Structures are given as C-alpha cells and as structure tokens.
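Okay, so here's the structure we're looking at.
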Amino acid sequence: MSERRVFTAGEEGVRLDRWLAEQMEDKTRSAIQGLIEEGRVTSGGKVLAKSARLALGQEVVVEVPETKALDMTPEDIPLDIVYEDEDLLVVNKPKGMVVHPAPGNETGTLVHALLYHCGESLSGINGVARPGIVHRIDKDTSGLLIVAKNDFAHTRLAEQIQAHSFTREYRAIVYGNVREGSGTVDKPLGRHPVDRKKMAVLPESSGAREAVTHYWVEERLPGFTYLRLRLETGRTHQIRVHMASIGHPVAGDPVYGPKKVLTFLQGQCLHAGLIGFIHPRTGEYLEFSAPLPAVFQDFLTRLERQGGDP
C-alpha cells in the first residue's frame, strides 16, 4: 500500500521539485526527486517531470510507497566513532568499507555495523537499504561521515547539504605538479554516456548537475602534489572526476587514473579529513577532523623522503 498526498500550488510558475521540497518537509530533496523519477508525482492523471512549472491552483498528487520492513542482519563490526549523541553520530570510515549494501557488497557494510551499534535508532528517510545515511563516500575513500539517528536530524542535515553550507574538506595526493597554489574546478557532472558506472564532465544541457571543487596545494612532491580540497557540492566521484579533468587524477584511482594503477595504495589516495555542520537540534556549529590513514601517510612520507618542497 502507498500513501496518497495531494497538494495545491499557491503561486504561478513554481518549479515542481523545489515546490514539493517545501510541501513535504519530512522528505529530502533527493528523495522527492526519486519519487518524481519513478513516476509517482502526477497532475490530472499525467506524470510530471521534476522541472515542470505549475499553474496557480494546480493539484499535484504524490504516491508515497509504504516503508518496507528492514531485512538486514546487524553485524558486530568495530566503528571508529568520533562523536555521538541522541540525534546523530560522526564516523571515521576506513578505506575498503562500503557505506550501504549493493550488488556485490551485501554484507560487511557501514550500515550493517550501524544497525548493530544503534539498533532501531536510525533515520528511515533514505529507505531500508540506507538507514541513517545522509551522505556517502566511496568504498576506497576513507574519512568522516555523518549518520542521522532520526528523521528530524536527517532532514535538517540534508537541508544543509543542499544549501551547500556543510563543510567537507578532503586530502588527496594527485599526479603531477599542480602549478597554481589554489584553484577551483567548476564543471557539471553526470553519468558517463557509455559506461554507466562512471561519472563524467558533461554539458548542463545533457542534464549534468552543477559541481564545484576548491583546492589548495599543501606540498609539491616528486611526480605528485599533496592537496587540500573543499567541496561546494557533493556529486558522486566529484573530486576524482574533477581532478582527472584538469590532468591531475588522484593517485591510486583505478577508474579515473592512469591504466598502470598504484595497487599498493588499495584504491584512490583520498581522505575526508574534516567535516563541519550546524547541529540540527541545538543550532551549534560542530567541526571534527580525522587523521590520515596509515597507507596515505606512508605514501606521503615516502614521497617527502624522495625530496618534496623544502
């Protein structure tokens, strides 16, 4: 069974997805866009596109599917918890751990570990496969993630991400000498037109979404550069694709880097080292950091010994 919700547009010309986000405060914008893409948002019996402009007084019907029962077995996997309270926790995810179940990774994920640690105290906004997951980082990217314990916290945190007010800072070692001391990559990203498992820089006319990455050189090393990066947006594989697009792919990246991969790095040399946000309940700004993982630090030290910046 699904829940049928009916809304009426109170003004002329508003865009459907943005307007629905204001009407359905219990849903994130990405969840609402998912409902639209699944054809669950209609008007007069016709399915609406997310970019549809509404007429004054137009009736919009949303079919919200029933929440399925959670069918995952909690797993006693150790978690590096940096912070925790009744609304959320901040976890330092190790390299090699998948965030949520997916084909080929049905067990051993961060979600399985969270279910063991938190029990039923996780938000349900992103569905049964992703309880509590507000944002993600790739399997072979290490670092900080925020997990929501309830829908209130999840919605408020998601709003900050959508407003680009989250602080998300990464560290990376990339190929080559990044000449400028700092810079910004502002290139839209979308699904690769041929390989759907990859992302690519594409024109906005193709439906690609805005993506902005800022970077600063921390140290120049033999054949590589150590960078600090800050996300303005948070698209899938954003840093990896953006850096590859300017000729400086992330070291160890098996997808966007050179064909001869540095396998000893066990994936891309990318670490989500700092995260900052406004606490959804207290309104206090919180900021947390996590040290570089051993494999990252060892590679950095090796390069420095070869002769980096004086």
Side-chain angles (χ1 to χ4, degrees), residues 28 30 77-84 88-102 104-105 108-114 117 122-123 125-127 129-148 154 157-158 160-162 164-174 185 189 197-199 209 211-215 227-244 249-257 265-277 286-297:
T28 63
S30 60
I77 303 170
L79 288 172
D80 181 3
I81 298 174
V82 178
Y83 173 83
E84 182 174 13
L88 58 90
L89 59 151
V90 179
V91 178
N92 183 19
K93 185 191 82 68
K95 177 187 283 282
M97 175 180 267
V98 176
V99 172
H100 59 76
N105 294 284
T109 71
L110 178 64
V111 164
H112 287 89
L114 289 169
H117 178 78
L122 290 170
S123 73
I125 286 179
N126 271 349
R130 306 180 186 184
I133 302 302
V134 181
H135 63 116
R136 298 176 292 164
I137 55 178
D138 298 331
K139 173 184 176 181
D140 291 326
T141 298
S142 57
L144 300 174
L145 279 170
I146 299 177
V147 177
H154 193 136
L157 291 167
Q160 293 180 54
I161 292 176
Q162 290 158 6
H164 304 164
S165 61
F166 245 44
T167 302
R168 285 179 287 179
E169 196 167 282
Y170 288 69
R171 298 296 174 117
I173 296 177
V174 301
V185 184
L189 298 180
K197 293 181 179 179
K198 295 173 63 175
M199 303 298 287
R209 302 173 71 187
V212 181
T213 304
H214 307 285
Y215 65 85
L227 296 179
R228 175 170 59 92
L229 307 103
R230 184 165 289 200
L231 293 180
E232 188 171 314
T233 57
R235 310 304 179 205
T236 301
H237 299 176
Q238 178 172 316
I239 290 174
R240 298 165 64 189
V241 178
H242 269 173
M243 297 315 298
V250 178
D253 191 335
V255 178
Y256 305 103
L265 289 174
Q266 303 161 22
Q268 60 271 6
C269 201
L270 183 62
H271 176 65
L274 183 146
I275 197 162
F277 57 95
L286 301 176
E287 191 170 274
F288 302 96
S289 60
L292 296 176
V295 67
F296 192 131
Q297 184 61 60

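The figures here come from the full heavy-atom set of this structure, side chains too, leaving out hydrogens, waters and symmetry mates. A quick note: this is a predicted structure, and the numbers were derived from the prediction, not measured.
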So CG of Leu145 and CZ of Arg136: to nearest 0.5 Å the spacing works out to 10.5 Å
Thr141 and Lys93 have their tightest heavy-atom pair at O-NZ, 3.0 Å
Taken to the nearest 0.5 Å, the spacing of Ser289 OG from Glu169 CD works out to 10.0 Å
**Message:** In the structure I gave you, are the side-chain heavy atoms of Leu144 and Val91 within less than 4.5 Å of one another anywhere?
**Reply:** no
Separation between CD1 (Ile173) and CG (Leu270), nearest 0.5 Å, reads 10.5 Å
Using a strict threshold of under 4.0 Å (side-chain N to carboxylate O), is an ion pair present between Lys95 and Asp140? no
Of Arg235, Gln238, Arg230, the one forming a side chain to side chain donor-acceptor pair (under 3.5 Å) with Thr213 is Gln238
Exercise for review: For the residue pair Ile239 and Tyr215, establish whether any side-chain heavy-atom pair is separated by less than 4.5 Å.
Suggested key: no
CD of Gln266 to OG of Ser142, rounded to nearest 0.5 Å, is 11.0 Å
Nearest heavy-atom contact between Ile146 and His135 is N-NE2, 3.0 Å
Closest non-hydrogen contact found for Gln268 with Pro254 is OE1-CD, 4.0 Å
Contacts of Glu287 meeting side-chain contact (heavy atoms from CB on, under 4.5 Å) (sequence neighbours excluded), chain-then-number -> Thr167, Leu274, Tyr285
Taken to the nearest 0.5 Å, the spacing of His242 NE2 from Leu231 CG works out to 9.5 Å
query: Any side-chain heavy atom of Val111 within less than 4.5 Å of one from Pro131?
result: yes
Start with the C-alpha gap between Ile133 and His154, add the side-chain angles, then the distance that decides, and say whether side chain to side chain contact (heavy atoms under 4.5 Å, CB included) holds. CA-CA 8 Å; Ile133 302 302; His154 193 136; 5.8 Å; no
Residues at least two apart in sequence or cross-chain that pass side chain to side chain donor-acceptor pair (under 3.5 Å) with Arg168, listed by chain then number, are none
**Item:** Test item: Ile81 and Val90 side chains (from C-beta on) under 4.5 Å apart, heavy atoms
**Value:** no
On a heavy-atom basis, the closest approach of Leu157 and Ala148 is CD1-CB, 4.4 Å
For Gly143 and Asn92, the nearest pair of non-hydrogen atoms, with its separation, is CA-OD1, 3.4 Å
Between Leu292 and His271, the two heavy atoms sitting closest are CD2-CD2, 3.9 Å
Self-check item: Within-4.5 Å side-chain heavy-atom neighbours: Arg171 and Phe296
Solution: yes
Can you tell if the side chain of Val212 reaches within under 4.5 Å of the side chain of His214, non-hydrogen atoms only?
-> yes
Taken in chain and number order and not counting sequence neighbours, the residues that satisfy salt bridge (charged side-chain N to carboxylate O under 4.0 Å, His left out) with Arg209 are none
The reported gap from OG1 in Thr236 to CG in Asp138 (rounded to nearest 0.5 angstrom) is 7.5 Å
Under a 4.5 Å cut-off applied to non-hydrogen side-chain atoms, are Leu114 and Leu122 in contact? yes
Exercise for review: State, yes or no, whether a side-chain contact exists between Thr233 and His164 at a heavy-atom distance under 4.5 Å.
Suggested key: yes
Take Tyr256 and His237, measure what ring-ring contact (aromatic ring centres under 6.0 Å, His included) needs, and give me the verdict at the end.
CA-CA 9 Å; Tyr256 305 103; His237 299 176; 5.5 Å; yes
